[in-house]
Amino acid sequence: VYRKFDFGNLVDLIMLDERLAGRTAPADSVSQPDFRGANRTMLGETQRNWFFDHLKNSDATWKVIGNQVIFSNLDLTGIYRNTDRNLDAWDGYPHEKELIVNHLRENNIQNTVFVTGDTHSSWAFETPTSIEDYQQDSVNSLVAVEFGTTSVSSANSDESYPVEEVLVAEQLLLSNNPHLKYANRRDHGYLVLTLNSEEAKADWYFVETVKKPTKNETIGKTVRVKKDNPNLY
């Protein structure tokens with residue numbers, strides 16, 4: 001399932017498989033003895049080596065990673081009762097996640113954009129080597145950016161909770177995650193990523209309702225990142 005597409009020297013689109021090819025079962029908790037073990041993997045060694053080779057050898061301006069679960073650190077404290085992180089996402093595979101971060105850093109791989117699904121929510125992250133590094137240096141600690149797309153019609157948070165509670169949760173997420181620049185767990189729609197030689201632009205399009213056919217949509221948020229400067233604006 002994992003594969004790569006080239007768009008001239010502008011974009012290399014690298015599509016990952018994080019469900020079938022090499023994934024081990026998610027941890028039950030962070031206290032599980034092998035939680036940080038090298039045997040716990042999202043990609044598997046074969047796919048990971050393939051991924052690293054394409055990243056290292058790419059001569060495209062932008063490296064866009066088709067990514068199935070959130071890669072950036074996401075502190076969920078106060079959002080869910082029994083956990084402060086999603087162990088089904090990359091936060092649940094810390095050893096392999098660190099290998100990827102180190103590969104990006106050590107090989108000076110610039111202009112990497114993770115494009116992510118799974119959560120039925122909209123996100124924009126600056127992706128650092130670690131939160132501690134980011135708090136000390138919010139520019140030089142960055143290795144990538146990440147844009148998460150919402151769902152077209154699958155349930156998101158306001159199908160389960162009042163909108164007022166969802167808005168509070170969004171603000172709590174932003175407060176607990178300084179590298180998280182945008183969070184929307186309410187609106188349905190899609191994400192358009194536009195790239196040129198100077199910048200990448202993410203536009204989140206939202207609809208008023210999914211309960212009836214409509215052509216009405218709005219751009220709910222636009223976030224940009226310049227080439228060779230991973231700070232979002």
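For this chain, numbers begin at 1 and follow the sequence in order.
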Asks: Among pairs that include at least one residue of residues 25-35, which meet salt bridge (charged side-chain N to carboxylate O under 4.0 Å, His left out), considering only residues two or more places apart or in two chains?
Replies: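 Counting only pairs at least two positions apart or across chains, no salt bridge (charged side-chain N to carboxylate O under 4.0 Å, His left out) contact touches residues 25-35.
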Asks: Stepwise, does the side chain to side chain contact (heavy atoms under 4.5 Å, CB included) test hold for Tyr134 with Leu142?
Replies: CA-CA 7 Å; Tyr134 185 81; Leu142 298 179; 3.6 Å; yes
Asks: With ring-ring contact (aromatic ring centres under 6.0 Å, His included) as the rule and sequence neighbours excluded, what pairs involving residues 145-170 come up?
Replies: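 Applying ring-ring contact (aromatic ring centres under 6.0 Å, His included) to every pair that reaches into residues 145-170, excluding sequence neighbours, yields Phe147-Trp204.
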Asks: Parallel, tilted or perpendicular: which fits the ring planes of Phe71 and Phe114, with parallel below 30° and perpendicular above 60°?
Replies: parallel
Asks: Where does the angle between the aromatic ring planes of Tyr93 and Trp90 fall among parallel (under 30°), tilted (30 to 60°) and perpendicular (over 60°)?
Replies: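 Answer is perpendicular, since the angle exceeds 60°.
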Asks: Output the distance between atom CD1 (Ile14) and atom CG (Asp53), rounded to the nearest 0.5 Å.
Replies: 10.5 Å
Asks: Starting from Leu232, can I reach Leu191 by hopping between I/L/V/M/F/W/Y residues whose side chains sit under 4.5 Å apart?
Replies: yes
Asks: Side chains of Asp133 and Gln135 only: does a donor on one sit below 3.5 Å from an acceptor on the other?
Replies: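 Gln135 and Asp133 do not have a side-chain donor-acceptor pair below 3.5 Å.
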Asks: Answer yes if the side chains of Thr77 and Asp84 hold a donor-acceptor pair under 3.5 Å, and no otherwise.
Replies: no
Asks: Does the side chain to side chain contact (heavy atoms under 4.5 Å, CB included) test come out yes or no for Val64 and Val115, once each step is laid out?
Replies: CA-CA 7 Å; Val64 178; Val115 182; 3.7 Å; yes
Asks: Any pair with a residue in residues 218-229 that passes salt bridge (charged side-chain N to carboxylate O under 4.0 Å, His left out), sequence neighbours left out, goes on the list, sorted by first then second residue, please.
Replies: Glu199-Arg224
Asks: Given Ile100, which partner from the list Ile65, Thr112, Leu43, Val143 fulfils the side chain to side chain contact (heavy atoms under 4.5 Å, CB included) test?
Replies: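 By the side chain to side chain contact (heavy atoms under 4.5 Å, CB included) criterion, Ile100 pairs with just one of Ile65, Thr112, Leu43, Val143: Leu43.
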Asks: Quick test of your reading: applying salt bridge (charged side-chain N to carboxylate O under 4.0 Å, His left out), list the pairs with at least one residue in residues 85-114, sequence neighbours left out, ordered by first then second residue.
Replies: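 Non-adjacent pairs meeting salt bridge (charged side-chain N to carboxylate O under 4.0 Å, His left out): Arg19-Asp88, Arg23-Asp88, Arg48-Glu96, Asp91-Lys97.
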Asks: Kindly indicate whether the side chain of Val166, heavy atoms from C-beta on, has any atom under 4.5 Å from the side chain of Arg186.
Replies: yes
Asks: Can you find a side-chain donor-acceptor pair between Ser121 and Arg185 that sits under 3.5 Å?
Replies: no
Asks: Is there side-chain contact between Leu16 and Gln68, with heavy atoms separated by less than 4.5 Å?
Replies: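 Side-chain contact under 4.5 Å: no.
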Asks: Considering only residues two or more places apart or on different chains, which pairs with a residue in residues 1-31 satisfy ring-ring contact (aromatic ring centres under 6.0 Å, His included)?
Replies: Tyr2-Trp50
Asks: Do Thr150 and Phe206 touch side chain to side chain, with heavy atoms closer than 4.5 Å?
Replies: yes
Asks: Keeping to residues at least two apart or across chains, list the salt bridge (charged side-chain N to carboxylate O under 4.0 Å, His left out) pairs with something in residues 149-169.
Replies: none
Asks: Ser141 and Thr129: side-chain donor and acceptor closer than 3.5 Å?
Replies: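 The criterion, which ignores hydrogens and geometry beyond distance, is not satisfied for Thr129 and Ser141.
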Asks: Do you see a donor-acceptor pair shorter than 3.5 Å between the side chains of Asn111 and Thr61?
Replies: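 Not at all, the side chains of Asn111 and Thr61 share no donor-acceptor pair under 3.5 Å.
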